[in-house]
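Here, residue 1 is the first one in the sequence, and each next residue gets the next number. Treat the numbers as computed from the prediction; the structure is a model and nothing was measured. First listed ligand is number 1; within each ligand, the first listed atom is number 1.
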Amino acid sequence: MTDPRSFIAGLPKAELHVHHVGSASPRIVAELAAHHPDSKVPTDPEALADYFTFTDFAHFIEVYLSVVDLVRTPEDVRLLTFEVARDMARQNIRYAELTVTPYSSTRRGIPEAGFMEAIEDARKAAEAELGVVLRWCFDIPGEAGLQAAEETARLAVEHRPEGLVSFGLGGPEIGVERPQFKPYFDRAIAEGLHSVPHAGETTGPQTVWDALISLRAERIGHGTSSVRDPRLLEHLAEHRIALEVCPTSNIATRAVTDIELHPIREMVAAGVLVTVNSDDPPMFGTDLNNEYAVAARLLELDERGIADLAKNAVEASFLDPAGKRRLAEEIDTYTANWLRAPGR
Ligand SMILES: [Zn+2]
């Protein structure tokens, strides 16, 4: 097929792995940095592009945390959240599970209730004004240790904002063993939240097993190294445990050395439910549409194949059954119309 970009641009999509602060576009970051002139984050977009060029995963975490530091008031939180939804609407993203790290904000002094109110307010406004349905995944910043885990579980359980659907674990994997977080995941799961930890991005397949067994993961963030363990791939395929694949992110953080060697092909060949996501899109110079284009090229997909990829995300989402049906139908209708009159 020809360049699939215009098909992808109009395709209704769901995104399952995208970080709240990591979605701040240079424009939003510049705006926040201007509000907080003591920050070391540059305020002009060109200098920001340089600033966002990472040397390795540790450097990425460092830059990411400096942007986290710009979100200091409930008003910052609301602005960031709504503007992120605006960028999603421009890409025809209809539904997104946004990974939020409330610990990073509350420990910087944002009042808990103010934080929850800000994200919920932005969520409702995004749905009403932009047609983007947002849900939250509260994630533990792994680098901050067990105290952060305890606090994140407490914030999730005590506040339980209406949009909250899942519980996650992010940050570095090396030296941050998954099983130690079991009690916090147990608590969140007991409260009805879904388990979606990152695993197997910068470490081997054992981390994915740990996430499945200790944290009862229902989807895996990245899971890139799963392809090194055929038994694991089989298990993921058999239990329809989706992998949240973020191709450009994997290159930016050097989790994968070369996009041509990205393991997404092996995952699909093994029958694993693969979803395509953008992770921290502006920081990686990408967006969800670009990630779909990358995946379509690597997997040699035509329009129907790309639409199936979009439907994988709907299937693996935590939307209610009626919501899933509606979004899947929207994808089918769009695709059928496109194939009848390409480029419409
Ligand atoms: Zn992530």
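Around the Zn ion (ligand 1), the protein contributes the following N, O or S atoms at distances under 2.8 Å: His17 NE2, His19 NE2, His198 NE2, Asp279 OD1.
Every residue meeting the side chain to side chain contact (heavy atoms under 4.5 Å, CB included) condition with Ala47, not counting sequence neighbours, appears here in chain and number order: Pro42, Asp44. With sequence neighbours excluded, the residues forming a side-chain hydrogen bond (donor to acceptor under 3.5 Å, both in side chains) with Lys311 are Asp332, listed by chain and number. Residues satisfying the side-chain hydrogen bond (donor to acceptor under 3.5 Å, both in side chains) criterion with Asn312, sequence neighbours excluded, are absent altogether.
Counted by atom type alone, Ser214 and Asp210 present zero donor-acceptor pairs between their side chains at under 3.5 Å.
Between Tyr334 and Phe7, the angle of the ring planes lies from 30° to 60°, which puts this pair in the tilted group.
Between Val314 and Lys13, the closest side-chain pair of non-hydrogen atoms is not below 4.5 Å.
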